[in-house]
Structure formats: C-alpha cells, structure tokens
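In what follows, every chain begins at residue 1, and chains take the letters A, B, ... in the order their sequences are listed.
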Amino acid sequence: MPEPDEPGPAPAEASGPVVTDAEPEPAPDEAPAPEEAEPEPTFSALGLSEPLLRAVAEKGYTHPTPIQQQAIPWVLMGRDLLGCAQTGTGKTAGFTLPMLDILSGSRARARMPRSLILEPTRELALQVADNFVLYGKYLKLTHALIIGGESMSDQKDLLMRGVDVLIATPGRLIDMFERGGLLLTDTRVLVIDEADRMLDMGFIPDVERIVSLLPKNRQTLFFSATMAPEIRRLADAFLQNPKEVTVSKPATVATTITERLALVSEHDKREALRRLIRQEDVQNALIFCNRKRDVDILYKSLTKHQFSVGALHGDMAQSTRFATLEKFKAGEIRLLCCSDVAARGIDIGGLSHVFNFDVPHHAEDYVHRIGRTGRAGREGRAFTLASPEDRFVVEAIEKLTGHPIPRIPVEGLDVVEWAESDGRRRRGRKAAPAAKRAKEEAAPKAARAGGRRKAAEPKPAEAKQPQPEIRAVEAVAPEPRRAETRRTEPKRIPEPRYERPLRPERGTRPEREGRDRRRDDDLGPAVVGFGPDIPAFMLVAARPRRQHAATADLTAVEETEA
DNA sequence: AAAAAAC
C-alpha cells in the first residue's frame with residue numbers, strides 16, 4: 001500500500017500551523033511560512049467530504065499541517081495511527097476531521113457510542129468537543145462529553161439518545177459504564193490522546209480496562225508527545241499495523257520565546273511577579289504555580305492588587321474551571337493563575353507571556369508551560385521566578401533545553417544567591433522567613449551531609465553571574481508571618497495563640513463551619529491530647545483537602561501583605 | 001513534590 005503522503009515534514013512546521021487546536025481567532029492572514037515554496041497540499045486533496053471542507057474553509061484554513069497531511073488520508077482508510085505529536089501541531093483536527101467523515105455515514109444507537117476519545121483532563125476533553133462542534137457544523141452528528149464534576153444524569157440522558165462521538169476522561173467513563181449507562185460494544189473508533197500524560201497521571205490501568213471493553217475489530221488512533229518504552233508497549237498492545245506519524249515537537253523551545261529567570265527570595269516572589277507584570281507589556285498570561293494551594297493564594301494576592309486575574313486548578317468546581325477558561329480566552333481576564341492542569345495541551349491563542357511563579361519540578365513541564373506562549377510564530381515571553389532552593393531544578397531545565405536561561409534582576413528587589421543545598425531535602429522549611437533560612441543555610445552542614453548523596457557538582461559557568469546589588473526601594477516591613485511559620489514548624493506552636501489578626505468576623509464566612517473552622521487560628525492549640533508537640537503530619541492532614549478560590553484561605557495573603 | 005481524575 002503506497003503511503004498517502006509525501007515524506008518531508010520540514011522541521012520548521014511549527015512556524016505555520018494552519019489549523020491549530022481550538023484556536024479562538026483563526027487569523028486567516030497568517031499564511032504559512034513563505035520560504036516553504038513546495039506545492040502545499042490543500043484540505044480538498046486529502047479526501048475529506050464537502051461538508052467538512054466547507055466548515056474548514058469557513059474558519060479560514062486552507063492548508064493542512066504536516067500531521068494533518070499525513071494522518072487524515074490514512075485515518076479515512078480506516079487504518080490505525082500512532083501519532084507522535086502534541087497540541088499546537090494541528091493534531092486534534094488531524095483526527096476529528098477524518099472521524100467526522102467516517103461517522104457521517106450512519107447513525108448511533110442508544111447507549112452505544114460509535115467512537116470514543118479519551119483525554120487526560122476535562123479541559124482537553126472540552127477542547128476536543130469544541131472541535132467536533134466546529135468542524136461538524138454541516139453534519140448531523142451528536143457528541144457527548146463524559147467527564148467528572150458535572151451532572152451524571154444529564155450525561156446519561158445524552159447517551160440514551162445515542163451519540164456518535166463520546167469524549168471522556170477515564171474516571172467518569174468507567175463510573176458510567178459500571179452504572180450501566182453505557183455500552184462500548186459498538187464503538188469502532190477509539191482515540192487515545194496525550195497517552196504520555198495519561199501514563200504520568202496513572203490512568204493507564206483505567207485506559208487498559210476501557211480498551212478491553214471495546215470490540216477488537218476497531219480503528220485505534222493513539223497520540224503521545226513522547227514515545228517512552230512504556231508508551232511504546234501500550235501502543236503495541238492497542239494498535240494493529242499502525243502508521244507512525246512523527247511531527248517534530250514545536251516545544252523544543254520555539255525560537256520565538258524569550259526566556260528570562262529572576263532569582264529572588266521566596267518572600268519576594270509575589271512582589272517580584274507584580275513588578276514583572278507591570279514592567280512587561282502583558283496582553284494575557286498564564287502564571288503557573290506548583291501547588292493548588294499556592295494558586296489560590298497567588299490569585300487572592302493578585303486580585304487584591306487590582307490585577308485582572310482568574311484561577312484554575314483541579315480542585316475548583318468544574319463549572320468555574322470552564323467559565324474561567326472561557327473568560328480568559330475571551331480576554332475578559334488577562335491573567336490566569338493555574339496549576340499544571342493547564343500546562344499541556346490547552347491551547348489558548350496568542351498568549352503574550354507565561355510566568356512560572358514556581359520553577360516546575362520536572363524539566364519537561366517547563367518546556368510545556370512556556371510552550372503555551374510564542375505559538376504560531378508569534379513572539380512570546382516566558383519569565384521564571386526562582387528562589388534559592390531551585391538551583392538544581394533550574395540546572396535540570398537548562399540541561400534539557402540546552403541553553404542557560406538569561407538571568408535578570410527585578411528592579412527594587414534584593415538579588416539573592418542560590419542555596420548550597422537542594423530545596424527538596426529541606427522542604428518543611430520552604431516557607432520559613434528568608435533571613436532565618438539564610439542563616440541556617442550558612443550553618444555548618446556536617447549534620448545533614450551525613451548519609452546523604454553528595455550534592456551535584458556546582459556548574460561553574462552559568463550559575464553565578466555577577467548580579468548588581470540592588471537594595472529595596474520601598475522598605476518592606478519584615479512581617480512575622482505567623483501562618484507560614486506555624487505551618488512549617490509545627491512542633492512549637494508559636495505565641496500568641498489566640499491573637500486574631502485582621503480578618504472578617506466569624507459568621508461572615510459561612511464556608512468555614514464545623515471541621516473546616518479549625519483551619520488556622522484554632523489549628524495549633526486546640527488539638528486535644530497532644531499539647532504543643534503535635535506531629536507535623538497531623539497538622540498537614542488536618543487541612544481540608546478541597547478548597548477553591550471562593551473558600552481559599554486568605555490567611556497567608558492577609559498576613560504577609562497587610 | 002505535585003498535579004490530574006470518580007461518586
């Protein structure tokens with residue numbers, strides 16, 4: 001069988017993806033890179049039916065991206081596909097378009113979806129659903145979004161009526177199946193999207209189970225940004241005679257992204273971020289934190305400082321998540337403070353900036369995060385705030401990307417030095433006041449060196465550029481920061497115990513009832529039976545697991561920024 | 001170390 005495509009995806013394809021995933025504004029003027037003079041295939045040459053071509057054309061797209069060129073004809077033939085590509089390459093349209101074509105021939109029966117697309121996050125599932133609506137405009141096909149966090153009965157009703165395309169996250173799909181709302185025996189097309197991420201997130205057992213429920217005789221499309229051995233093993237298990245399509249990652253840090261790194265003390269990070277945002281010409285930006293809790297805190301802080309900001313992480317109500325993302329895409333919110341839920345896959349057109357409020361623990365996540373900007377050949381700027389303990393993660397990132405991130409000072413803030421030790425081994429102290437921590441770092445390390453792996457060789461070259469000594473312009477009062485101290489050094493419950501800092505009166509915060517009320521001011525002293533020596537893990541466990549922006553604890557912000 | 005995902 002001859003390959004239905006031309007071999008050469010030029011490595012420069014990132015410069016001109018014609019169809020990107022759910023890009024809100026298509027910018028039809030944005031022609032493919034002019035230097036590629038080869039005769040570019042059009043969508044109509046790929047074998048798609050007229051209603052689809054019309055929908056595509058209406059969005060202003062004329063030329064398929066490399067992955068679309070390669071995948072679409074193949075998928076139309078009913079063959080399996082192994083796609084090594086990530087968002088931004090036009091991958092989503094690469095499978096939605098031919099799937100719509102395949103499915104348009106007949107109708108679905110109740111409870112028996114004809115195709116299934118598995119996505120690792122709810123936002124991605126929604127994005128794919130949007131694609132089906134967009135391109136299925138002139139076809140009479142139905143789809144259902146089966147994800148957690150939303151009414152199950154609505155989803156069940158949809159399924160009862162019969163859907164052609166089922167877009168789902170694994171957890172809810174299995175739940176639905178177990179409740180008998182779903183039969184997968186007639187599902188002939190399966191898409192596993194972002195398989196590497198499914199693996200990272202531990203979804204693979206679920207995915208394997210789901211696949212076992214599908215008929216053997218089916219078409220499978222499998223996408224992953226990387227092809228690690230484990231992913232390869234899965235692909236072998238799920239696919240039959242697949243065509244492999246590899247699109248060079250647009251994420252090898254697109255040259256259109258300008259990266260900068262500011263090394264500041266943990267204490268100065270919020271202030272540093274505000275200064276960077278103000279001095280940059282920020283149109284819209286994602287701000288990444290490593291923890292959901294810190295997303296909440298930073299969101300509150302930025303709101304308080306009058307920034308146009310929203311928050312997004314997995315503990316927030318699903319309706320809020322989608323609504324916030326919509327507002328951000330629509331430009332009603334200019335900053336989006338988020339966890340890594342938004343690091344991969346989510347495609348927001350034309351982000352001017354990405355800020356890493358925290359350095360990501362995994363170097364690849366850095367690439368994914370900053371890859372949200374600088375897309376489609378546009379300029380993007382990515383700023384990372386590092387604190388002294390982040391030295392080794394930063395080095396890992398620089399090793400991965402192959403270049404050092406230029407350091408910048410933040411005007412008006414102290415420049416600090418890397419800590420000698422890895423922050424991880426001292427994680428309990430992360431939030432301790434900088435001065436105190438600095439003193440501890442300076443102390444002899446004999447005690448903690450024993451039995452530990454030796455710290456990596458300090459890299460001579462890039463680590464210590466001579467940094468200008470800049471003193472704080474405005475005197476920032478050294479606050480006591482009670483909340484953080486207590487959280488991190490639980491053994492001694494600090495005095496004063498019942499002092500009540502400025503905060504709304506009780507009763508004005510209905511969400512802090514019962515168990516939850518013990519969150520901060522009561523937390524320490526009121527634990528019965530332990531006296532002042534409460535084991536650290538108990539204090540950690542006592543924090544309620546779920547909180548979102550609306551109920552987020554304001555303590556840290558109030559106390560550090562009063 | 002943390003994030004994501006099911007009630």
* To do: Round to a whole Å and report the spacing from CZ of A:Arg293 to C1' of B:dA3.
  => 14 Å
* Using only heavy-atom distances, determine whether the side chains of A:Arg122 and A:Gln318 contain a donor-acceptor pair under 3.5 Å. => yes
* Within this structure, what is the CZ-to-C1' distance between A:Arg291 and B:dA3, rounded to whole angstrom? -> 11 Å
* Asked: Does A:Arg122 make a side-chain N or O approach to OP1 or OP2 of B:dA6 shorter than 4.0 Å?
  -> yes
* Expressed in angstrom and rounded to an integer, what is the separation of A:Met152 atom CE from B:dA5 atom C1'? -> 13 Å
* Please state whether the phosphate of B:dA5, meaning OP1 or OP2, lies under 4.0 angstrom from any side-chain nitrogen or oxygen of A:Thr121. => no
* **A:Asp154: salt bridge (charged side-chain N to carboxylate O under 4.0 Å, His left out) partners, not counting sequence neighbours** => none
* Asked: Tell me, which pairs form a salt bridge (charged side-chain N to carboxylate O under 4.0 Å, His left out) where one or both residues lie in residues 224-234 of chain A, sequence neighbours left out?
  -> A:Glu208-A:Arg233, A:Glu230-A:Arg233, A:Arg232-A:Glu244
* Is A:Lys292 salt-bridged to A:Asp294, going by a charged N under 4.0 Å from an acidic O? -> no
* Asked: Using a cut-off of less than 4.0 Å, is there contact between a side-chain N or O of A:Ser339 and OP1 or OP2 of B:dA4?
  -> yes
* **Nearest-neighbour nucleotide for the A:Lys292 side chain, B:dA2, B:dA5, B:dA4 considered** => B:dA4
* Any donor-acceptor N/O pair, A:Asp164 side chain to A:Arg114 backbone, under 3.5 Å -> no
* To do: Find the distance A:Asp296:CG to B:dA3:P and express it as a whole number of Å.
  => 10 Å
* Please report, rounded to the nearest Å, how far the C1' atom of B:dA4 is from the CG atom of A:Leu118. => 15 Å
* Structure fact -> Closest to the side chain of A:Glu178, out of B:dA6, B:dA3, B:dA4, is B:dA6
* Touch check for A:Gly202, heavy atoms < 4.0 angstrom, all strands: base, sugar-phosphate only, or nothing? -> nothing
* Please give, in whole Å, the distance from B:dA5 C1' to A:His313 NE2? -> 15 Å
* To do: Quickly work out the A:His362 NE2 to B:dA4 P distance and round it to whole Å.
  => 14 Å
* Structure fact -> note: A:Leu182, atom CG; B:dA6, atom P; distance rounded to Å ~ 14 Å
